There are 2 protein chains.
Amino acid sequence: MSTDPVSGRGGAVVTAAAYENCPVTGLLRRIGDKWSPAIIRLLAERSYGFNELDRSIEGISRRMLTRTLRALEEAGFVSRTTSGTPPARVDYSLTELGRSLREQLFALGQWADAHKSGL
Amino acid sequence: MSTDPVSGRGGAVVTAAAYENCPVTGLLRRIGDKWSPAIIRLLAERSYGFNELDRSIEGISRRMLTRTLRALEEAGFVSRTTSGTPPARVDYSLTELGRSLREQLFALGQWADAHKSGL
DNA sequence: CCGTATCCGTAACGATACTG
DNA sequence: CAGTATCGTTACGGATACGG
(Lines give C-alpha, C1' and ligand atoms only; values in the text may rest on other atoms or scores of the structure.)
Protein backbone atom coordinates (compact mmCIF):
# COMPACT_ATOMS: atom_id res chain seq x y z
CA MET A 1 0.00 0.00 0.00
CA SER A 2 1.24 3.43 -0.87
CA THR A 3 1.97 6.01 1.77
CA ASP A 4 0.96 8.59 -0.74
CA PRO A 5 -2.18 10.61 0.02
CA VAL A 6 -2.52 11.50 -3.63
CA SER A 7 -2.54 7.85 -4.55
CA GLY A 8 -5.77 7.73 -2.67
CA ARG A 9 -5.32 5.16 0.05
CA GLY A 10 -5.03 7.24 3.16
CA GLY A 11 -8.58 7.47 4.36
CA ALA A 12 -11.08 10.28 4.00
CA VAL A 13 -8.89 12.97 5.54
CA VAL A 14 -5.61 14.34 4.32
CA THR A 15 -3.48 14.73 7.41
CA ALA A 16 -0.67 17.23 7.50
CA ALA A 17 1.91 14.58 8.35
CA ALA A 18 0.94 12.29 5.49
CA TYR A 19 0.81 15.19 3.09
CA GLU A 20 4.29 16.40 3.92
CA ASN A 21 5.69 12.96 3.17
CA CYS A 22 3.65 12.52 0.03
CA PRO A 23 5.95 11.57 -2.86
CA VAL A 24 3.75 13.11 -5.51
CA THR A 25 3.35 16.41 -3.74
CA GLY A 26 7.05 16.57 -3.03
CA LEU A 27 7.92 15.78 -6.60
CA LEU A 28 5.47 18.29 -8.03
CA ARG A 29 6.75 21.05 -5.82
CA ARG A 30 10.31 20.29 -6.75
CA ILE A 31 9.90 20.26 -10.51
CA GLY A 32 6.98 22.68 -10.44
CA ASP A 33 9.32 25.63 -10.16
CA LYS A 34 10.08 27.94 -13.01
CA TRP A 35 13.15 26.42 -14.63
CA SER A 36 13.43 22.72 -13.78
CA PRO A 37 11.45 21.52 -16.78
CA ALA A 38 13.66 23.45 -19.21
CA ILE A 39 16.85 22.10 -17.66
CA ILE A 40 15.61 18.53 -17.63
CA ARG A 41 14.48 18.83 -21.20
CA LEU A 42 17.88 20.01 -22.42
CA LEU A 43 19.90 17.55 -20.36
CA ALA A 44 17.74 14.75 -21.71
CA GLU A 45 19.51 15.04 -25.03
CA ARG A 46 23.09 15.47 -23.90
CA SER A 47 25.24 16.94 -21.17
CA TYR A 48 25.76 20.67 -20.90
CA GLY A 49 28.19 23.09 -19.34
CA PHE A 50 26.99 25.87 -17.09
CA ASN A 51 27.21 28.81 -19.46
CA GLU A 52 26.02 26.64 -22.26
CA LEU A 53 22.84 25.94 -20.32
CA ASP A 54 22.59 29.63 -19.52
CA ARG A 55 22.68 30.53 -23.20
CA SER A 56 20.27 27.76 -24.16
CA ILE A 57 17.49 28.87 -21.84
CA GLU A 58 16.22 32.27 -22.75
CA GLY A 59 15.43 34.46 -19.78
CA ILE A 60 17.07 32.45 -17.02
CA SER A 61 19.55 34.16 -14.72
CA ARG A 62 22.78 32.55 -13.61
CA ARG A 63 21.56 32.81 -10.08
CA MET A 64 18.44 30.73 -10.70
CA LEU A 65 20.32 28.35 -12.93
CA THR A 66 22.73 27.60 -10.11
CA ARG A 67 19.98 27.21 -7.54
CA THR A 68 17.83 25.00 -9.73
CA LEU A 69 20.75 22.80 -10.72
CA ARG A 70 21.71 22.37 -7.07
CA ALA A 71 18.16 21.40 -6.18
CA LEU A 72 17.92 18.91 -9.01
CA GLU A 73 21.27 17.50 -8.00
CA GLU A 74 20.17 17.11 -4.40
CA ALA A 75 17.02 15.35 -5.55
CA GLY A 76 19.16 12.92 -7.51
CA PHE A 77 17.98 13.89 -10.98
CA VAL A 78 21.12 15.65 -12.15
CA SER A 79 24.79 14.81 -11.75
CA ARG A 80 27.58 17.36 -11.72
CA THR A 81 31.13 16.46 -12.64
CA THR A 82 34.06 18.83 -12.55
CA SER A 83 37.05 18.47 -14.82
CA GLY A 84 40.29 20.36 -15.23
CA THR A 85 41.97 23.41 -13.89
CA PRO A 86 41.07 26.96 -14.96
CA PRO A 87 39.26 27.53 -17.16
CA ALA A 88 37.17 25.07 -15.19
CA ARG A 89 34.82 22.76 -17.04
CA VAL A 90 31.71 21.41 -15.35
CA ASP A 91 29.42 18.88 -16.88
CA TYR A 92 25.78 18.60 -16.03
CA SER A 93 23.83 15.56 -17.12
CA LEU A 94 20.79 13.55 -16.12
CA THR A 95 21.23 10.61 -13.80
CA GLU A 96 19.48 7.34 -14.44
CA LEU A 97 16.73 8.56 -12.12
CA GLY A 98 16.60 11.82 -14.02
CA ARG A 99 16.12 10.04 -17.31
CA SER A 100 13.40 7.97 -15.75
CA LEU A 101 11.70 11.12 -14.52
CA ARG A 102 12.05 12.66 -17.91
CA GLU A 103 10.03 9.81 -19.40
CA GLN A 104 7.27 10.48 -16.93
CA LEU A 105 7.27 14.14 -17.84
CA PHE A 106 7.19 13.22 -21.48
CA ALA A 107 4.09 11.12 -20.85
CA LEU A 108 2.56 13.98 -18.94
CA GLY A 109 3.38 16.22 -21.87
CA GLN A 110 1.58 13.91 -24.25
CA TRP A 111 -1.46 14.12 -22.03
CA ALA A 112 -1.29 17.88 -21.60
CA ASP A 113 -0.91 18.36 -25.32
CA ALA A 114 -3.92 16.19 -26.02
CA HIS A 115 -6.10 17.80 -23.35
CA LYS A 116 -5.37 21.49 -23.76
CA SER A 117 -7.09 22.87 -20.73
CA GLY A 118 -7.44 26.42 -19.59
CA LEU A 119 -3.80 27.26 -19.89
CA MET B 1 4.73 17.73 -33.62
CA SER B 2 4.34 19.08 -30.15
CA THR B 3 4.72 22.74 -29.36
CA ASP B 4 5.93 21.66 -25.99
CA PRO B 5 9.57 22.40 -25.20
CA VAL B 6 9.57 19.74 -22.55
CA SER B 7 8.44 17.18 -25.07
CA GLY B 8 11.77 17.79 -26.69
CA ARG B 9 11.11 18.85 -30.23
CA GLY B 10 11.77 22.52 -30.16
CA GLY B 11 15.40 22.68 -31.19
CA ALA B 12 18.48 23.14 -29.08
CA VAL B 13 17.34 26.32 -27.37
CA VAL B 14 14.42 26.87 -25.05
CA THR B 15 12.95 30.20 -26.10
CA ALA B 16 10.99 32.29 -23.67
CA ALA B 17 7.93 32.36 -25.90
CA ALA B 18 7.82 28.60 -26.36
CA TYR B 19 8.41 28.04 -22.68
CA GLU B 20 5.55 30.26 -21.58
CA ASN B 21 3.16 28.33 -23.80
CA CYS B 22 4.54 24.97 -22.77
CA PRO B 23 1.67 22.71 -21.63
CA VAL B 24 3.82 20.71 -19.25
CA THR B 25 5.36 23.69 -17.55
CA GLY B 26 2.00 25.36 -17.25
CA LEU B 27 0.43 22.24 -15.82
CA LEU B 28 3.23 21.64 -13.36
CA ARG B 29 3.12 25.17 -12.07
CA ARG B 30 -0.62 24.99 -11.66
CA ILE B 31 -0.80 21.77 -9.71
CA GLY B 32 2.62 22.21 -8.16
CA ASP B 33 1.24 24.56 -5.56
CA LYS B 34 0.67 23.58 -1.99
CA TRP B 35 -2.89 22.33 -1.94
CA SER B 36 -4.01 21.28 -5.42
CA PRO B 37 -2.94 17.65 -5.05
CA ALA B 38 -4.89 17.24 -1.82
CA ILE B 39 -8.03 18.71 -3.31
CA ILE B 40 -7.81 16.62 -6.46
CA ARG B 41 -7.21 13.52 -4.42
CA LEU B 42 -10.32 14.04 -2.31
CA LEU B 43 -12.58 15.06 -5.17
CA ALA B 44 -11.50 11.97 -7.06
CA GLU B 45 -13.62 9.87 -4.72
CA ARG B 46 -16.72 12.00 -4.49
CA SER B 47 -17.95 15.58 -4.46
CA TYR B 48 -17.39 17.80 -1.44
CA GLY B 49 -18.82 20.94 0.05
CA PHE B 50 -16.57 23.86 0.92
CA ASN B 51 -16.37 23.44 4.67
CA GLU B 52 -16.26 19.72 4.25
CA LEU B 53 -13.11 20.10 2.17
CA ASP B 54 -11.76 22.53 4.73
CA ARG B 55 -12.19 19.97 7.48
CA SER B 56 -10.79 17.14 5.38
CA ILE B 57 -7.49 18.84 4.62
CA GLU B 58 -5.51 19.42 7.75
CA GLY B 59 -3.74 22.75 7.84
CA ILE B 60 -5.40 24.48 4.90
CA SER B 61 -6.93 27.90 5.38
CA ARG B 62 -10.26 28.92 3.92
CA ARG B 63 -8.48 31.61 1.98
CA MET B 64 -6.16 29.19 0.22
CA LEU B 65 -8.94 26.68 -0.25
CA THR B 66 -10.97 29.30 -2.09
CA ARG B 67 -8.05 30.44 -4.21
CA THR B 68 -6.95 26.93 -5.13
CA LEU B 69 -10.48 25.85 -5.99
CA ARG B 70 -10.92 28.89 -8.22
CA ALA B 71 -7.66 28.17 -10.00
CA LEU B 72 -8.56 24.53 -10.53
CA GLU B 73 -11.97 25.60 -11.75
CA GLU B 74 -10.46 28.05 -14.21
CA ALA B 75 -8.12 25.38 -15.50
CA GLY B 76 -11.11 23.14 -16.11
CA PHE B 77 -10.28 20.46 -13.58
CA VAL B 78 -12.98 21.21 -11.03
CA SER B 79 -16.62 22.13 -11.41
CA ARG B 80 -18.59 24.17 -8.93
CA THR B 81 -22.35 23.95 -8.65
CA THR B 82 -24.49 26.03 -6.34
CA SER B 83 -27.78 24.82 -4.97
CA GLY B 84 -30.40 26.31 -2.72
CA THR B 85 -30.94 29.44 -0.70
CA PRO B 86 -29.27 30.09 2.65
CA PRO B 87 -27.73 28.10 4.06
CA ALA B 88 -26.11 27.86 0.65
CA ARG B 89 -24.86 24.52 -0.53
CA VAL B 90 -22.00 24.35 -3.01
CA ASP B 91 -20.74 21.20 -4.58
CA TYR B 92 -17.22 20.77 -5.83
CA SER B 93 -16.35 17.83 -8.02
CA LEU B 94 -13.85 16.81 -10.66
CA THR B 95 -14.69 17.40 -14.29
CA GLU B 96 -14.00 14.75 -16.88
CA LEU B 97 -10.72 16.51 -17.55
CA GLY B 98 -9.99 16.53 -13.84
CA ARG B 99 -10.55 12.80 -13.57
CA SER B 100 -8.26 12.32 -16.52
CA LEU B 101 -5.61 14.44 -14.85
CA ARG B 102 -6.06 12.49 -11.67
CA GLU B 103 -5.13 9.31 -13.50
CA GLN B 104 -1.95 10.93 -14.73
CA LEU B 105 -1.10 11.99 -11.20
CA PHE B 106 -1.80 8.51 -10.00
CA ALA B 107 0.66 7.15 -12.54
CA LEU B 108 3.18 9.74 -11.44
CA GLY B 109 2.57 8.64 -7.87
CA GLN B 110 3.32 5.06 -8.74
CA TRP B 111 6.59 6.17 -10.25
CA ALA B 112 7.50 8.44 -7.36
CA ASP B 113 6.73 5.69 -4.89
CA ALA B 114 8.91 3.25 -6.77
CA HIS B 115 11.81 5.66 -7.21
CA LYS B 116 12.10 7.32 -3.83
CA SER B 117 14.56 10.04 -4.60
CA GLY B 118 16.05 12.64 -2.33
CA LEU B 119 12.76 13.63 -0.80
C1' DC C 1 -22.98 27.06 5.34
C1' DC C 2 -19.85 29.71 2.04
C1' DG C 3 -17.09 32.63 1.33
C1' DT C 4 -14.34 37.80 1.11
C1' DA C 5 -11.18 41.56 2.90
C1' DT C 6 -7.14 42.98 5.06
C1' DC C 7 -2.72 42.58 6.86
C1' DC C 8 1.66 40.49 7.25
C1' DG C 9 5.66 37.34 6.95
C1' DT C 10 8.38 34.31 4.01
C1' DA C 11 10.17 32.54 -0.12
C1' DA C 12 10.79 32.73 -5.03
C1' DC C 13 12.65 35.20 -8.59
C1' DG C 14 15.26 38.88 -11.26
C1' DA C 15 19.13 42.51 -11.95
C1' DT C 16 23.53 43.71 -11.24
C1' DA C 17 28.16 43.49 -9.84
C1' DC C 18 32.02 40.88 -8.47
C1' DT C 19 35.40 36.46 -7.91
C1' DG C 20 38.49 32.16 -8.79
C1' DC D 1 34.37 29.08 -17.81
C1' DA D 2 31.68 28.72 -13.52
C1' DG D 3 29.98 30.55 -10.28
C1' DT D 4 28.80 33.95 -5.53
C1' DA D 5 27.01 38.27 -3.15
C1' DT D 6 23.78 41.73 -2.57
C1' DC D 7 19.68 43.99 -3.29
C1' DG D 8 14.93 44.85 -4.64
C1' DT D 9 10.43 43.15 -6.27
C1' DT D 10 6.80 40.14 -6.64
C1' DA D 11 4.15 35.90 -5.68
C1' DC D 12 2.66 32.59 -2.31
C1' DG D 13 0.73 31.49 1.81
C1' DG D 14 -1.11 32.08 6.80
C1' DA D 15 -3.99 34.71 10.54
C1' DT D 16 -7.76 37.12 11.62
C1' DA D 17 -11.99 39.33 11.15
C1' DC D 18 -16.16 40.24 8.72
C1' DG D 19 -20.38 39.49 5.44
C1' DG D 20 -24.19 36.93 2.44
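Chain identifiers are assigned alphabetically (A, B, ...) following the order of the sequence lines, protein sequences preceding nucleic acid strands; residue numbering begins at 1 within each chain. Quantities reported herein were computed from a predicted structural model and do not represent experimental measurements. Any value given below was found using the heavy atoms of this structure, including those in side chains, with hydrogens, waters and symmetry copies removed.
- A:Thr95 places a side-chain N or O within 3.5 Å of a backbone atom of A:Gly76 that can act as its donor or acceptor partner.
- Atom CZ in A:Arg67 sits roughly 13 Å away from atom C1' in D:dT6 (whole-Å rounding).
- Taking atom CD of residue B:Glu58 and atom C1' of nucleotide D:dG14, one finds them 15 Å apart after rounding to whole Å.
- Here the P atom of nucleotide C:dC13 and the CZ atom of A:Arg29 are 11 Å apart, to the nearest Å.
- Two rings, from A:Trp35 and B:Tyr19, have their centers less than 6.0 Å apart.
- By the 6.0 Å and 45° rule, B:Arg102 does not stack over the aromatic ring of B:Phe106.
- Distances shown here put a side-chain N or O of A:Tyr92 below 4.0 Å from the OP1 or OP2 atom of D:dG3.
- In this structure, the CD1 atom of A:Ile39 is 15 Å from the C1' atom of D:dA2, given to the nearest Å.
- No side-chain donor from either of A:Asp91 and A:Thr81 sits under 3.5 Å from a side-chain acceptor of the other.
- Each of C:dC13, C:dC1, C:dT6 was ranked by its minimum atom distance to the side chain of A:Arg63; first place goes to C:dC13.
- Rounded to an integer number of Å, the gap from CD1 of B:Ile60 to C1' of D:dG13 is 11 Å.
- Whole-Å rounding puts the B:Asp54 CG to C:dG3 P distance at 11 Å.
- In this structure, of D:dG13, C:dC18, C:dG3, it is C:dG3 that holds the atom nearest to the side chain of B:Arg70.
- Listed by first residue number, the stems of DNA chain D with at least three Watson-Crick or G-U pairs below 3.5 Å are C:3-20 with D:1-18.
- For B:Leu65 and D:dG13, the CG to P distance is 13 Å, given to the nearest whole Å.
- Distance from the side chain of A:Asn51 is smallest to D:dC1 among D:dC1, C:dC13, D:dG3.
- Listed nucleotides C:dA12, C:dC2, D:dG3 differ in distance to B:Ala88; the shortest reach to its side chain belongs to C:dC2.
- Taking the side chain of B:Met64 as heavy atoms from C-beta on, and the options D:dG14, D:dG3, C:dC2, the nearest nucleotide is D:dG14.
- Without hydrogens or angle criteria, B:Gln104 side chain to B:Leu101 main chain gives no donor-acceptor distance under 3.5 Å.
- Judged purely by atom type and a 3.5 angstrom limit, B:Glu58 has no side-chain atom pairing as donor or acceptor with the backbone of A:Thr15.
- Taking only side-chain nitrogens and oxygens, A:Thr66 never comes nearer than 4.0 Å to OP1 or OP2 of D:dA2.
- The listed nucleotides are C:dG14, C:dT4, D:dT4; the one nearest the side chain of A:Lys34 is C:dG14.
- Atom C1' of nucleotide C:dG3 and atom CZ of B:Arg55 are separated by 14 Å, given to the nearest angstrom.
- For the residue pair B:Ser36 and B:Thr68, no side-chain donor N or O sits within less than 3.5 Å of a side-chain acceptor on the partner.
- Residue A:Thr68 is the one, among A:Arg62 and A:Thr68, whose nearest nucleotide of DNA chain C lies closer to the 5' end (criterion: closest heavy atom).
- Looking at the side chain of B:Arg80, the nearest of the listed nucleotides D:dA5, C:dC2, D:dA2 is C:dC2.
- Applying the salt bridge (charged side-chain N to carboxylate O under 4.0 Å, His left out) rule to A:Arg70 yields no partners; only residues at least two apart in sequence or on another chain are considered.
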